[in-house]
Protein chains: 2
Amino acid sequence: MTITAIKPKRISDEVFEQMKEHIITGEWAPGSKIPSEHELVELFGVSRVSVREAIHRLVGMGVLTIRRGEGTFVNEVLPENYMNTLLPILMIESASFSETLEFRAIMEAESARMAAKRADEKDIARLEKALKAMEKKKGNIQEFAEADLNFHVAVAMATHNSVIIKVNAIIHDMLKKIMEEIVDITGYEGGLYYHGKILEAIKNRDESTAAKLMREHISATVDKISGLDELKSKKPLA
Amino acid sequence: MTITAIKPKRISDEVFEQMKEHIITGEWAPGSKIPSEHELVELFGVSRVSVREAIHRLVGMGVLTIRRGEGTFVNEVLPENYMNTLLPILMIESASFSETLEFRAIMEAESARMAAKRADEKDIARLEKALKAMEKKKGNIQEFAEADLNFHVAVAMATHNSVIIKVNAIIHDMLKKIMEEIVDITGYEGGLYYHGKILEAIKNRDESTAAKLMREHISATVDKISGLDELKSKKPLA
DNA sequence: TATTTTGTAGTTGTAATACATCTTACAATG
DNA sequence: CATTGTAAGATGTATTACAACTACAAAATA
């Protein structure tokens, strides 16, 4: 007889696969609530631990959302969900920080262009609020850095394109950690100046100016922090 | 005193965020082994359940791989690693593609611009080869569609920016499924015409023309297949 | 009756403990 | 020197218990 390799099977893998099938086939439809953990334990005949691990893998994939006290739900399949696959790449491929910033410059410049085209009253109001928040937070590096990112988030939202919003969020997730250092180096005025001008361009529906300013803004930032690749904190956990 | 809202926090979320930071910052490098679950329990001061749930979310995202008996490792960013997180993409059948295509238009146009700036002899050669391959495959929808995508991949490579290259790869993975339908609708000549002109612009280092042509190219495609959202099979995967 | 408050059942979140199973490394054995 | 056995360390699974949150119904109140 022939010998075939035995692959160790994890129960949670089996649960994961079966749950995936149920979602793919539509038996568990988008937006619907899946059986409770207790019910799944009964159905699969396994422990709650195994069920929960499978669920959390699906959460990581953007397929399920857990609402504590309510239940676990199948996500509507939106473009921004599959953009989750970008995260691993941008997260791990810290290949070079400068490449990520270059990518960001493109995204943000074109986001500004699109925002100038599509922003409605609500978007404008959000942008103005974000800008005012920055002015108010001048002097506090941490809060200013957060407000700065919020302005960029508001620009992304004004595009009304959920893929762009998601990609922006991923980029900002990565920048959050070092944004304070950036503010520390670049100061407050540069960001405030550009943000003000960009908002003005968006209000005026001046697409090319908005894009141009945003590109300048990012480039100026990149220039000032060009040595930041080594700056990124390498501190160990704990 | 004032009362401020308390937002419920999940410990596993906090663990997840911190682990993510460690990977983003490169403290846990690709390919390396992260601390054992027991060690993480000690470091975070939480239960093993919370640690494992955070880990499984990262597994679902394609960031970590668990090897039983050995430990848990940060994934190298290889195509095969993020490919298996594509479940959400496979489920997108029923979702709208328009936002994704809009995102693609931006990415590709700016990629073309950057390619015109940075392409070296090798890149040019790769582009020419891809273009010739398209001409040769004229008549065979399937092979032509593949060759078409290869040209765009070659443009991305000419940017010499690994983030852009990988983001392009993701977009193309998604498009592969419907690329044949696109070719079927749009025919061979349009793509060949634009690709030829784009290559010419890249050779001439004419950045703005390269970007403009690529944007036109994608827009033209989008226009022709504007009805494709309903065209895509609504059937579940499986 | 209409409204507010409270209680309760159901659900997910966390913890602690125990043991099973797998991988690796290394010592013991022949 | 090759093989086998063993121990250490890692993840996998199960069990039990309770905490925290949500939604909804029941009760109290106006």
Side-chain angles (χ1 to χ4, degrees), chain A residues 3-20 22-23 28-75 237-238, chain B residues 3-20 22-23 28-75 81 84:
Chain A
I3 306 285
T4 54
I6 298 170
K7 62 175 176 184
K9 59 179 177 188
R10 280 177 295 194
I11 291 179
S12 64
D13 273 356
E14 178 69 17
V15 173
F16 170 80
E17 290 295 336
Q18 284 201 42
M19 290 182 70
K20 194 172 76 174
H22 271 76
I23 296 164
W28 292 347
S32 71
K33 181 176 171 300
I34 70 172
S36 74
E37 294 178 359
H38 177 66
E39 286 171 311
L40 291 172
V41 165
E42 296 276 315
L43 289 168
F44 287 114
V46 301
S47 80
R48 205 175 149 209
V49 177
S50 301
V51 168
R52 282 177 65 83
E53 286 177 2
I55 288 175
H56 280 78
R57 274 181 65 184
L58 290 163
V59 168
M61 294 171 74
V63 173
L64 294 180
T65 293
I66 302 173
R67 295 215 290 269
R68 182 174 181 175
E70 292 182 61
T72 301
F73 299 80
V74 180
N75 284 339
L237 183 62
Chain B
I3 305 285
T4 53
I6 297 170
K7 63 175 175 184
K9 56 176 179 190
R10 278 177 298 196
I11 292 179
S12 64
D13 272 358
E14 178 70 19
V15 174
F16 170 79
E17 290 295 335
Q18 285 201 42
M19 290 182 70
K20 198 171 70 173
H22 272 73
I23 296 165
W28 292 347
S32 71
K33 181 177 171 300
I34 71 173
S36 74
E37 294 179 358
H38 176 67
E39 287 170 312
L40 291 171
V41 164
E42 296 276 314
L43 290 168
F44 287 114
V46 301
S47 79
R48 205 174 148 209
V49 176
S50 300
V51 168
R52 282 177 66 82
E53 286 178 0
I55 288 175
H56 279 79
R57 274 180 68 184
L58 289 162
V59 169
M61 293 171 68
V63 172
L64 295 179
T65 293
I66 302 173
R67 294 215 289 269
R68 182 175 181 174
E70 293 181 63
T72 302
F73 300 79
V74 179
N75 282 340
N81 284 342
N84 54 25

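Here is how names work: the chains are called A, B, and so on, in the same order as the sequence lines, proteins then strands, and each is numbered from 1.
Remark: B:R52 engages A:E53, B:E37 in a side-chain hydrogen bond (donor to acceptor under 3.5 Å, both in side chains) (not counting sequence neighbours). In this view, B:R68 satisfies the side-chain contact (heavy atoms from CB on, under 4.5 Å) rule with no residue, not counting sequence neighbours. Annotation: side-chain hydrogen bond (donor to acceptor under 3.5 Å, both in side chains) contacts of B:S32 (sequence neighbours excluded): none. Under the side-chain contact (heavy atoms from CB on, under 4.5 Å) criterion, B:V46 pairs with B:I11, B:V15, B:F44, B:S50, B:V51, not counting sequence neighbours. B:E42 pairs by the side-chain contact (heavy atoms from CB on, under 4.5 Å) definition with B:H38, not counting sequence neighbours.
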Produce a footprint string for nucleotides 7-16 of chain C: one letter per nucleotide, 5' end first; B if the base is under 4.0 Å from any protein heavy atom, S if only the sugar-phosphate is, - if neither. ---BBBBBB-

